[in-house]
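Structure first, commentary second.
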Amino acid sequence: MYKIVTKKELAPKIKLFEVHAPEIAKKAKPGQFIILIVSEKGERIPLTIAGYNAEKGTITFVFNEVGKTTKQLGLLNEGDSILSITGPLGTPSEIRNFGKVLCVAGGVMIAPMLLQIKALRNAGNTIITIIGARIKELLFFEEEMRALSHNFYVATDDGSKGYKGLGFLKEVLEKEKVDRCITMGPVVMMQNVCEITKSFGIPTIVTLMPIMVDGMGMCGVCRVNVGGETKFACVDGPEFDGHKVDFDQLIKRQRLFLPEERLSSLLWEQLGGCRDGRK
Amino acid sequence: MAESKPKIKKEVVPMPKQRPEVRRRNFNEVALGYTEKQAIEEANRCLQCPKPQCVQGCPVEIDIPAFIRLIKEGKFDEAVKKIKEKNSLPAICGRVCPQEGQCQKFCVLGKVGDPVSIGRLERFVADWERAKGVAIPKLAPPTGKKVAIIGAGPAGLTAAADLAKLGHKVVIFEALHSPGGVLVYGIPEFRLPKSIVQAEVDYIQKLGVELRLGYLIGRIYTIPELLKDEGFDAVFIGTGAGLPRFMGIPGENLGGIYSANEFLIRVNLMKSYAFPEYDTPIRIGRHVAVIGGGNVAMDSARSALRLGAEEVCIVYRRSREEMPARREEIENAEEEGIICKFLANPTRFIGDDKGWVKQMECICMELGPPDESGRRRPIPIKGSEFLMDVDTVIVAIGRTPNPIIQRTTEGLKVTRWGTILADEKGKTSLEGVYAGGDIVTGEATVISAMGAGKKAARAIHEYLMGKNS
Ligand SMILES: Cc1cc2nc3c(=O)[nH]c(=O)nc-3n(C[C@H](O)[C@H](O)[C@H](O)COP(=O)(O)OP(=O)(O)OC[C@H]3O[C@@H](n4cnc5c(N)ncnc54)[C@H](O)[C@@H]3O)c2cc1C
Ligand SMILES: Cc1cc2nc3c(=O)[nH]c(=O)nc-3n(C[C@H](O)[C@H](O)[C@H](O)COP(=O)(O)OP(=O)(O)OC[C@H]3O[C@@H](n4cnc5c(N)ncnc54)[C@H](O)[C@@H]3O)c2cc1C
Ligand code: SF4
Ligand code: SF4
Ligand code: FES
């Protein structure tokens, strides 16, 4: 059992948990994720590690309440426990001095990006950051990001804050000579970033989030097509060369269980949406 | 035994089973087990050969005539003890050992009629003991040595039990949230009820073995870290062969195409058959094709049927004779209404506009001369392609070793198939590191994995005690 030490609401439906998991806290590195199970009959869901503190023995993750499991998770409070956490999983990010790094994060993935930026900055990189969300209310960690970045931009889909959409990225890249780009967020956003960086010839690393079950290379549901080869995102990734990823296939595969996910969420809500999944 | 000419009963006592038309839609165990009377009747068929042939067929050398005699005499608890001298998981082996190719293959009765049903007798006494409550054996005094076991499959569980009995402190690290390896995530409930695996795991914990779930070794700790920083004196690797193989043909990443591992993990480990009561979904269409001819293909096909598929077809590139699955399971599957299509192999998958599979193109095969495996090689017949309408495909063409340990352990020698190199006793190229089961042999059997766990436990014990002096 893994006790929740801190719970914060960062934006509507976006929550941060700091959880007691001392062994994972000692070993976690940027770019890795955990898999957790909320209740006895629950599913295994992957979440990216957004922070760790070996001294306190805690790890942090931030999640978006999208379906049954994440909504159930969101109902837990400080002092409650999570049934099972496995981690760290996945291959850690490559962190070294690249020169100038452009970091583009969207939605809930702004949280793990902050961890990346800290590590990249410690390695001596110059950091340009762009954070984005659908609307301004869904943005968070702005101040923290700004403080660590040499240049900082905000974008929203509706233009309610900062730039409208990601079109301005081109202008940024025309001004600045960027050595590497890392991007985490919704697939469509990463796909757009990749299209732009490709034309500038900037190596771009994306974090892929296909459906996963075991997270250790045993089921193959997380398979993605990268440069014509089938890779398992949970062990070969989750980070990949964004210019080689078949995004269209990824999008289709993420939607494989949409009807079942809707049913699960709906039933749960109809039953009163309590923590252990039953009435 | 000086009895004059015992009358040989040629036919095996039949195993009570759920009827096919009932069981094809439920996940309850198919074979129901012998009653005491049936068990004694079957035991009475055994000739108690002075030079029993059957024993050579058992990878762990159970004293088969001895335990069968004890059953004849109604001494069931002694019979279990006899088996447990060699095999700590009899309830499991009695159910899933490929007996027809092992112990029973050598039984002399097989020459005149049915061999003695050794597996069913083993299962009977193990179930009898479990119903009564399992006794905990005396443990050797603590040695002060600590052993890490990686993987809670049959190899790891067996090694753990033996080492604990020898007085060592044993910790099992299992990556999944449930122990048992293939026994829980692969083999379905209707062939091996999970409560039996759980009972075996409980037993091992009662021996003092500590079980840590959700520990993926190679990520949370590497093997050198276990030995250097975490205070372990030796390590046993029993991580199994769990990496699914795909065919590499067009359309393989379409929706509705599962690896057998994904399909079985969802159904067995995550209990998707009870969705939405359990959260993990599975979608099963009306027309299911399963590619492959082994136990994994049979288990997938029979599970798909139980999940409500209208038609389940096993597509295998050779003929019935070459099928590696157990005879009994092929028969069970066919009784349940599963269709086998032989001498056919998929060449591509065709999807609908939503990215879901709708058709599978296959090519017909013919058998050429035997290949290295001794089985006749299938050769495609030019121009014989045909289409099958399918909305679910389960790919069960084999699994390769789990790679994470190999990638993260410097100096650990690995073969070109990705298996870990280990000698007869399980010793690897690193000092204090042993390995056994599917991770060394590639996909094999439960009993051979257990045999390897046993041997390695003995070798680890010698190593630890030698180090002591
Ligand atoms: C490596 C990785 C890292 C991730 N990191 C984060 C993170 O830091 N914060 C965050 O909010 N989300 C993250 N996700 C996504 C998160 O796992 C899903 O949102 C979550 O599983 C949804 O579960 P649900 O039951 O609440 O919703 P559901 O209703 O089940 O699903 C909603 C959506 O989530 C996706 N999804 C569903 N099941 C899974 C699954 N088992 N694995 C992956 N995706 C699934 C589907 O595409 C679906 O469209 C990550 C996913 C991966 C693979
Ligand atoms: C569907 C199916 C049906 C089968 N039917 C039969 C049958 O009828 N009869 C028969 O004899 N055999 C059968 N087999 C084969 C048999 O199950 C295997 O040979 C046997 O389980 C191998 O045992 P093992 O202990 O080596 O590995 P496994 O049972 O594979 O166990 C390995 C364990 O290690 C864990 N692990 C892996 N990597 C790590 C890591 N890095 N850190 C921590 N833990 C890790 C895994 O999660 C797993 O729990 C079947 C196999 C399958 C898949
Ligand atoms: S363990 Fe398997 S091979 Fe050995 S006697 Fe029992 S059923 Fe036969
Ligand atoms: S070979 Fe058959 S008949 Fe002879 S002892 Fe073994 S089981 Fe009994
Ligand atoms: S999640 Fe199962 S192989 Fe990656």
Side-chain angles (χ1 to χ4, degrees), chain A residues 2 23-24 26-28 32 34-45 67-69 72 83-92 213-225 230 232 235 246 248-253 255-257 259-261 263-268 277-278, chain B residues 174-178 185-186 212-222 225 229-230 239-246 248 252-266 269-272 274-283 351 354-356 395 399-400 402-404 407:
Chain A
Y2 298 82
E23 288 171 287
I24 303 176
K26 252 193 273 175
K27 298 292 172 179
Q32 293 188 298
I34 52 152
I35 285 200
L36 61 79
I37 304 178
V38 181
S39 63
E40 205 58 57
K41 298 180 178 180
E43 86 184 303
R44 296 167 63 95
I45 66 155
K68 173 173 170 183
T69 308
Q72 224 179 328
L83 186 62
S84 150
I85 300 187
T86 303
L89 299 169
T91 309
V213 180
D214 58 296
M216 51 185 272
M218 279 170 48
C219 72
V221 70
C222 65
R223 57 195 193 272
V224 288
N225 182 338
T230 295
F232 289 180
V235 286
D246 181 344
D248 296 332
Q249 186 183 83
L250 177 67
I251 292 170
K252 282 191 180 133
R253 288 193 62 83
R255 293 185 182 148
L256 289 179
F257 292 98
E260 287 79 6
E261 283 154 3
L263 174 71
S264 195
S265 196
L266 206 74
L267 272 176
W268 180 70
R278 269 163 291 129
Chain B
E174 166 57 50
L176 292 171
H177 62 277
S178 275
Y185 81 72
R212 297 206 201 151
L213 301 173
Y215 284 74
L216 181 63
I217 301 300
R219 294 278 192 237
I220 181 101
Y221 300 113
T222 61
E225 283 171 345
D229 311 337
E230 300 299 313
T239 45
L243 196 73
R245 201 178 276 156
F246 286 94
E252 208 161 19
N253 293 344
L254 286 167
I257 303 180
Y258 302 94
S259 75
N261 255 20
E262 180 193 346
F263 181 75
L264 292 171
I265 288 177
R266 282 182 186 271
L269 182 69
M270 306 310 297
K271 304 204 164 44
S272 300
F275 178 86
E277 186 197 344
Y278 282 79
D279 289 342
T280 307
I282 185 103
R283 181 146 6 129
K354 292 209 181 73
W356 203 264
V395 183
R399 300 139 19 96
T400 55
N402 282 328
I404 293 179
R407 285 191 202 167

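Chain letters run A, B, ... following the sequence lines, proteins first and then strands; every chain starts at 1. Everything quoted here is computed from the prediction, not taken from an experiment.
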Mark yes or no for whether B/R283, through its side chain, and A/L256, through its backbone, hold a donor-acceptor pair below 3.5 Å. yes
Would you mind checking which part of A/L89 comes under 4.5 Å of any heavy atom in chain B, side chain (CB onward), backbone (N, CA, C, O), both or neither? both
Could you tell me which portion of B/R407 (side chain, backbone, both or neither) has an atom closer than 4.5 angstrom to a non-hydrogen atom of chain A? side chain
Rounded distance [0.5 Å steps], CD in A/Q249 versus CG in B/L254: 8.0 Å
Supply the atom-to-atom distance B/Y221 OH to A/K26 NZ, rounded to the nearest 0.5 angstrom. 5.0 Å
Do we see a donor-acceptor contact under 3.5 Å between the side chains of A/R223 and B/N253? yes
Tell me, for B/L264 versus chain A, whether the close heavy atoms (under 4.5 Å) come from the side chain, the backbone, both or neither. neither
Nearest non-hydrogen partners of B/I220 and A/G87, listed with the distance: CD1-O, 3.5 Å
Gap between atom OG1 of A/T86 and atom CD of B/E174 - 0.5 Å precision: 9.5 Å
Heavy-atom pair with the smallest gap, counting every atom of A/S264 and B/D279: OG-OD1, 4.2 Å
Which label fits B/Y258 and A/F257: parallel for a plane angle under 30°, tilted from 30 to 60°, or perpendicular past 60°? tilted
Using every non-hydrogen atom in the two residues, find where A/G217 and B/L243 come nearest and quote the distance to one decimal. O-CD1, 2.8 Å
Chain B heavy atoms under 4.5 Å from A/V235: which part of the residue, side chain, backbone, both or neither? both
Does the side chain of B/L213 reach to within under 4.5 Å of the side chain of A/S84, using non-hydrogen atoms? no
Quick one: what part of B/I404 sits under 4.5 Å from any heavy atom of chain A, side chain, backbone, both or neither? side chain
Chain A heavy atoms under 4.5 Å from B/I265: which part of the residue, side chain, backbone, both or neither? side chain
Please report the shortest heavy-atom distance between B/S259 and A/C219, naming the atom on each side. OG-O, 2.6 Å
For B/R212, which atoms come within 4.5 Å of any heavy atom of chain A: side chain, backbone, both, or neither? side chain
Answer yes or no: is there a side-chain heavy-atom contact under 4.5 Å between B/Y185 and A/D214? no
Honestly, the part of A/E23 sitting under 4.5 Å from a heavy atom of chain B is both
Nearest-0.5 Å distance that lies between atom CD in B/E252 and atom OG1 in A/T230: 7.0 Å
Pairwise distance CG(B/L176) to CE(A/M218) - rounded to 0.5 angstrom: 5.0 Å
When the 4.5 angstrom heavy-atom criterion is applied to A/T91 and chain B, the contacting part is both
If you round to the nearest 0.5 Å, how far is CD of A/E260 from OG1 of B/T280? 11.5 Å
Per-residue contact mode, B/L269 against chain A (heavy atom under 4.5 angstrom): neither
Sequence-distant partners of A/K27, side-chain hydrogen bond (donor to acceptor under 3.5 Å, both in side chains), two or more places apart: B/E225
What are the two closest heavy atoms between A/P88 and B/R219, and how far apart are they? O-CB, 3.1 Å
Under the rule for side-chain hydrogen bond (donor to acceptor under 3.5 Å, both in side chains), what residues qualify as partners of B/E262, not counting sequence neighbours? B/R266
